[in-house]
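Here the structure comes first, spelled out in structure tokens, and everything after it is commentary.
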Amino acid sequence: MGAADRFYIATPIFYVNDVPHIGHAYTEVAADVLARWHRQSGVDTWSLTGTDEHGQKILRTAVANGVTPQEWADKLVESAWKPLLDTIDIANDDFIRTTEQRHETVVQQFLQKLYDDGFITEGEYEGYYCVGCEEYKQNDDLVDGVGEFAGQRVCAIHGRPIEVLKEKNYFFALSTFQQKLLDLYESQPDFIQPASLRNEIVSFVRRGLDDLSISRQSFDWGVRIPWDDSHVTYVWFDALLNYISAIGWGSDDENFSRRWPAVQLVGKDIARFHAVIWPAMLMAAGLQPPAKVFGHGWLLVGGEKMSKSKLTGIAPHQITEVFGSDAFRYYFMSAISFGQDGSFSWEDLSARYQAELANGFGNLASRVVAMIGKYCDSVVPAATDVTDADRRIEQVAADALAGAQRALEAFAIHDAIASVWTLVDELNGYLTEQEPWKVAKDPALEGRLHTILSTAAEGLRALAVLLSPVMPQATQKLWVALGAEAALGGLREQRIPDAARWGQLPAGAQTQPLGALFPRIEAE
RNA sequence: GGGGCGGUAGCUCAGCCGGUCAGAGCAGUGGACUCAUAAUCCAUCGGUCACGGGUUCAAGUCCCGUCCGCCCUACCA
């Protein structure tokens, strides 16, 4: 099976201790739209997401809450992360947790293989250790001391001097992969996208790589190092392996070779792990690197990256409760150039909802379905008197599809939506020009009336298919209202490449009343 | 300190290799229309493309400098 026939997309897995915010949701929605689009294009598609549950932070919060780390993780997965996927209507094929047996087994197998092949060596890790926190600190976590500790670097949390501690660690020979990585970036220029991120990564790798410490001795919430159970695996090394553990590496070779390699969708902050460490790990194990690492931008609130400490973090449900999940998906996918940072504001969301969804697409659906109800007894009419104006709609639909496919290939989700939207705009203009409400008054023009409404209904049929990956709920309602569910089968079974083929919605299909797809939202 | 990205109409942003590139959407204004969620359609107002130099026949578009903003600098999408 060729690369074009299959599509495996993976999101980063959520660190369970985080609080879900719209940034997490943004990544998920993007992956979901890409997956749904490919699936409906007839591509053998698999989409994966999940949770990252090991590490000291989780251990500590679990202890603070008086439960075991596993219980703590279980609780967060069920109360926060799986509900997030429902909130934004994600249709993932699998959900992997790093505490699952299927994952831990793979981590150990993988480590053992690298160890046996000489890619893992013993070394000594030297770091700043805060006794209060009971953990090693990065330089960022330190501040200048005051008072009796003036002149020293101290822990930002405890304000006390840190100790320099040494610990035996196992190291992954990352440094030996520098040239191989550079060769990869060179031979596969779109391995890292967008280009700005690629440049960043390339120059980072050129500066040289250190071996990576991949084990910890100071706590025990993690996957045991198979040949030395006094160590647990470094969380990132553990977490990255989810992308292959979930598809059966080491246990189901057939499925593994069917799915791998993956497109990795990541926030640009963790691109380094995915575009440097991860491919190196795979190379060490003799596996193909990911197909692509695509780094999307940040959601900015008030011009700055969202953050909890600045209280700009927004929970996805705050948005979906007001506007619905379709609007959430549409807004972030259409308003932001995928790959670049984008501003979020309630005002912008609200304005676009009103202008584009309620007044644009939603109202178009309303007026067409209402006219078929009113002038044609709720039966889709036949196009018997076709003019250039009607053919033009057909052409716009074909162009919209072609443009969307081109854009999607390049992961330009916003451009794909814009291309589809040309059909929304064209249909609204078409109705205004054709004035079916006037044509309806003259019995002699019945053929034209039917043709106009048939064309409009057919256009809506195409829109329902093309927009279903972005707005599964509204398009489903429209699909049923058009009588398409009964006449053509389920919306999800419709093939995107066929979406612009005219004349699919048969004359005689029974339409049903359609409530507002995107009801007006009164100002709060 | 080093690195990245950005500064284009009131707002959010397109503008790839320099030559209809001064644009889109929204907001504003005027008009048309009534099938529809007072919605749609047409027209229109609006910018010395951050600032200063330079290269060029020609520069938002390349080069240098300055100012401003954001981000990264090994474990936050």
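Lettering follows sequence order; numbering is per chain, from 1.
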Mind checking what makes side-chain hydrogen bond (donor to acceptor under 3.5 Å, both in side chains) contact with A:Ser245, not counting sequence neighbours? A:His103
Check whether any side-chain nitrogen or oxygen of A:Lys57 sits under 4.0 Å from OP1 or OP2 of B:rC75, and answer yes or no. no
When every nucleotide of nucleotides 34-41 of chain B is labelled 5' to 3' by its protein contacts under 4.0 Å (heavy atoms), B for base, S for sugar-phosphate only, - for none, what sequence of letters results? SBBB-SSS
List the residues meeting salt bridge (charged side-chain N to carboxylate O under 4.0 Å, His left out) with A:Lys477, not counting sequence neighbours, and say none if there are none. none
Under the salt bridge (charged side-chain N to carboxylate O under 4.0 Å, His left out) definition, can you give me all pairs with a residue in residues 363-378 of chain A, not counting sequence neighbours? none
Going by side-chain hydrogen bond (donor to acceptor under 3.5 Å, both in side chains), name the residues that satisfy it together with A:Lys438, two or more places apart in sequence or in a different chain. A:Glu435
How would you list all residue pairs meeting side chain to side chain donor-acceptor pair (under 3.5 Å) that involve residues 441-451 of chain A, not counting sequence neighbours? A:Asp390-A:Arg448, A:Gln434-A:Arg448
With sequence neighbours left out, write down each residue that passes side-chain contact (heavy atoms from CB on, under 4.5 Å) with A:Ser345, or none if nothing qualifies. A:Glu347, A:Asp348
Are A:Phe332 and A:Phe344 close enough that their ring centres sit under 6.0 Å apart? yes
Kindly give the atom pairs (protein nitrogen or oxygen, nucleotide nitrogen or oxygen) under 3.5 Å for nucleotides 11-15 of chain B.
residue	atom	partner	partner atom	Å
B:rU12	O3'	A:Ser343	OG	3.4
B:rC13	OP1	A:Ser343	OG	3.2
B:rA14	OP1	A:Gln340	OE1	2.1

Who are the ring-ring contact (aromatic ring centres under 6.0 Å, His included) partners of A:Phe177, not counting sequence neighbours? A:Phe119, A:Phe172
Under the salt bridge (charged side-chain N to carboxylate O under 4.0 Å, His left out) test, which residues partner A:Glu104, sequence neighbours left out? none
Syn or anti for B:rG18 (syn when the glycosidic angle lies within 90° of 0): anti
Work out how far the C1' atom of B:rC41 is from that of B:rC67, and round it to whole angstrom. 46 Å
Among residues at least two apart in sequence or on other chains, which ones pass salt bridge (charged side-chain N to carboxylate O under 4.0 Å, His left out) with A:Arg520? none
Pairing string of RNA chain B (Watson-Crick or G-U wobble, both atom distances under 3.5 Å; | = paired to other strand) is (((((((..((((.....[...)))).(((((.......))))).....(((((..]....))))))))))))....
